[in-house]
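Below, chain A is the first sequence line, B the second, and so on; all start at residue 1.
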There are 2 protein chains.
Amino acid sequence: MTKQFSSYKNPSLAVDLVVFGYHQRELSVLLLNRKDEPFKNGWTLPGGFLQMEESLLEVCSRILKTKLGIDKLYLEQLYTFDEPDRDPRGRVISVAHYALINPRQLAVVAGSMANDVQWFPVNALPRLGFDHKRIFGQSLQRLKSKILYHPVGFELLNDTFTITELHDLYETILGIEIDRRNFRRKILDSEYIIATGAKREGLKNRHPDLYRFNKHLKQNNFQLNIPS
Amino acid sequence: MTKQFSSYKNPSLAVDLVVFGYHQRELSVLLLNRKDEPFKNGWTLPGGFLQMEESLLEVCSRILKTKLGIDKLYLEQLYTFDEPDRDPRGRVISVAHYALINPRQLAVVAGSMANDVQWFPVNALPRLGFDHKRIFGQSLQRLKSKILYHPVGFELLNDTFTITELHDLYETILGIEIDRRNFRRKILDSEYIIATGAKREGLKNRHPDLYRFNKHLKQNNFQLNIPS
DNA sequence: TTTACTTTGCGTCATAATAACGCAAACTAA
DNA sequence: TTAGTTTGCGTTATTATGACGCAAAGTAAA
């Protein structure tokens, strides 16, 4: 244990963040290239230590703001990881969270991104430091199962979107093929997305085909029942 | 903030436990009557602080062993609660877990139970100290949803049980009526429970009607799909 | 503009899953 | 012995689902 931790009587508390972004049928995660030991020059999830008087969500916001310049996004606590040897510097317990950012925010991030920050497709991750591979895996697992019973996938899309975009998102995240017409029927029958009345740029005769999430429905009835 | 915490640079880490027991169509939770301030003489969930070098599950085991004299049981991490004012003594972050104990263990507990420990039916809880009402509520919520897609309810029953007992358990936990015959068909079709070949004491001509959980099936396919 | 190709919205149909409920044999208690 | 309850096993109508057809709308190249 290094000097940094020797004065603590409790384990240190940290948060780690799995930030998901989606673009053109690709789900990606944001990783950080470490400048310091341990895992110097290696990739890890962004994270940070909890200060006294700071809530977990505040730490998350602080990290996201500092590293990405982003304010509001979908954020959810995932799990608390406490293996005694998960951090070579000493006992650090990490409350992992995952975040979903939409295309607009993704663009902001891309514009101002430091060169130690990088997007990686979830299917092509580099080796990760600490126990971050496990944390990432569990996040992806959660995301996969959650989109089936909670309309959380919408957070990865623009405010308005086409059904095809939503369909592609689901296929990408779940990694399976979903019949386009059955998906359409299910999602429209549920009334969780509704037409905006608008049509895509350039379209002339087609019915309205831009949709948005219906915020007036209780989100807890959402149920897609797509086999995994 | 009291002296006890003033030397820490990090928030303290604790665990709180929601211990569920089931008996005769009643789901109960184990509560502790506090001897000390804060909430002296009030009821709270059992809990304890994390020592350096101790894992979260170890703390849970330690508490359960000390307070209840019980060793092995179903234990699952629930959520980490971090509201800065959740503990009047100072900043304490609690990783809540919930546990399920079976009738045999419940009997052991009942036999050796200190008078500061008591079972309360989940529908008749006393006022709880700290933010424990919220923790309890979230545990019950989790239990309710989890038994629908994971065979976790079995942990509250004996090794062998009748379908009726299982049916009653589900009705009790979910707080709804479930058609006996449809429940039977679903649970038997799924093959998650199988006949033991034995019959209940005293029965003569009836088919085997004692069942046990089928451990040979992958538990992740369990799906009951009962409307809530 | 014509032509060939792709995308999208809407519909059909066979099958599976589900909810509601009937019934008689096994069991229990008076 | 009798009356009432519990339990196992069915049936049926309705709904949900998966698989797929098809034509209008849209796109891109000649």
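Separating the NZ atom of B/K199 from the C1' atom of D/dT7 is a distance of 14 Å, rounded to the nearest angstrom. Note: CZ (B/R200) to C1' (C/dA26) measures 10 Å, nearest angstrom. Atom-to-atom, CG of A/D189 to P of C/dG9 comes out at 15 Å; the value is rounded to the nearest Å. One can place NE2 of A/H167 at 14 Å from C1' of C/dG9, the figure rounded to the nearest angstrom. Between the CG atom of B/L210 and the P atom of D/dT7 there is a distance of 12 Å, given to the nearest Å. In this structure, B/I176 places its CD1 atom 15 Å from C1' of C/dA20, rounding to the nearest Å. With rounding to whole Å, A/N225 atom CG is found 9 Å from D/dA16 atom C1'. Rounded to a whole Å, the CD1 atom of B/I226 is 15 Å from the C1' atom of C/dA20.
Contacts of A/T164 with the nucleic acid, taken as non-hydrogen atoms under 4.0 Å apart, involve only primed sugar atoms and P, OP1 or OP2. Within 4.0 Å (heavy atoms only), B/L203 reaches sugar-phosphate atoms of the nucleic acid but no base atom.
A residue-by-residue look at B/D209 and A/G202 shows that B/D209 has its nearest nucleotide of DNA chain D further toward the 5' end. Residue order along DNA chain C, read from the 5' end via each residue's closest nucleotide, puts B/L224 first among B/E201 and B/L224.
Closest approach of B/L169 to B/G153, counting heavy atoms only: CD2-O, 3.3 Å. What you find for A/P46 and A/L32 is that their closest heavy atoms are CA-CD2, 4.3 Å.
Checked by atom type, the side-chain pair A/T80/B/T80 shows a donor-acceptor distance below 3.5 Å. Side-chain atoms of B/E76 and B/Y98 form a donor-acceptor pair, as typed in the model, at a separation below 3.5 Å. Side chain to side chain, A/T162 and A/D209 fail the donor-acceptor criterion of an N or O pair below 3.5 Å.
Aromatic ring pairs are classed by plane angle as parallel below 30°, tilted from 30° to 60° and perpendicular above 60°; the pair B/F154 and B/F161 is tilted. Ring geometry for A/F120 against A/W43 counts as perpendicular: the plane angle is over 60°, on a 0 to 90° scale with 30° as the lower cut.
DNA chain D lies under 4.0 Å from at least one heavy atom of each of the following residues of residues 177-186 of chain A: A/D179, A/R181, A/N182, A/R185, A/K186.
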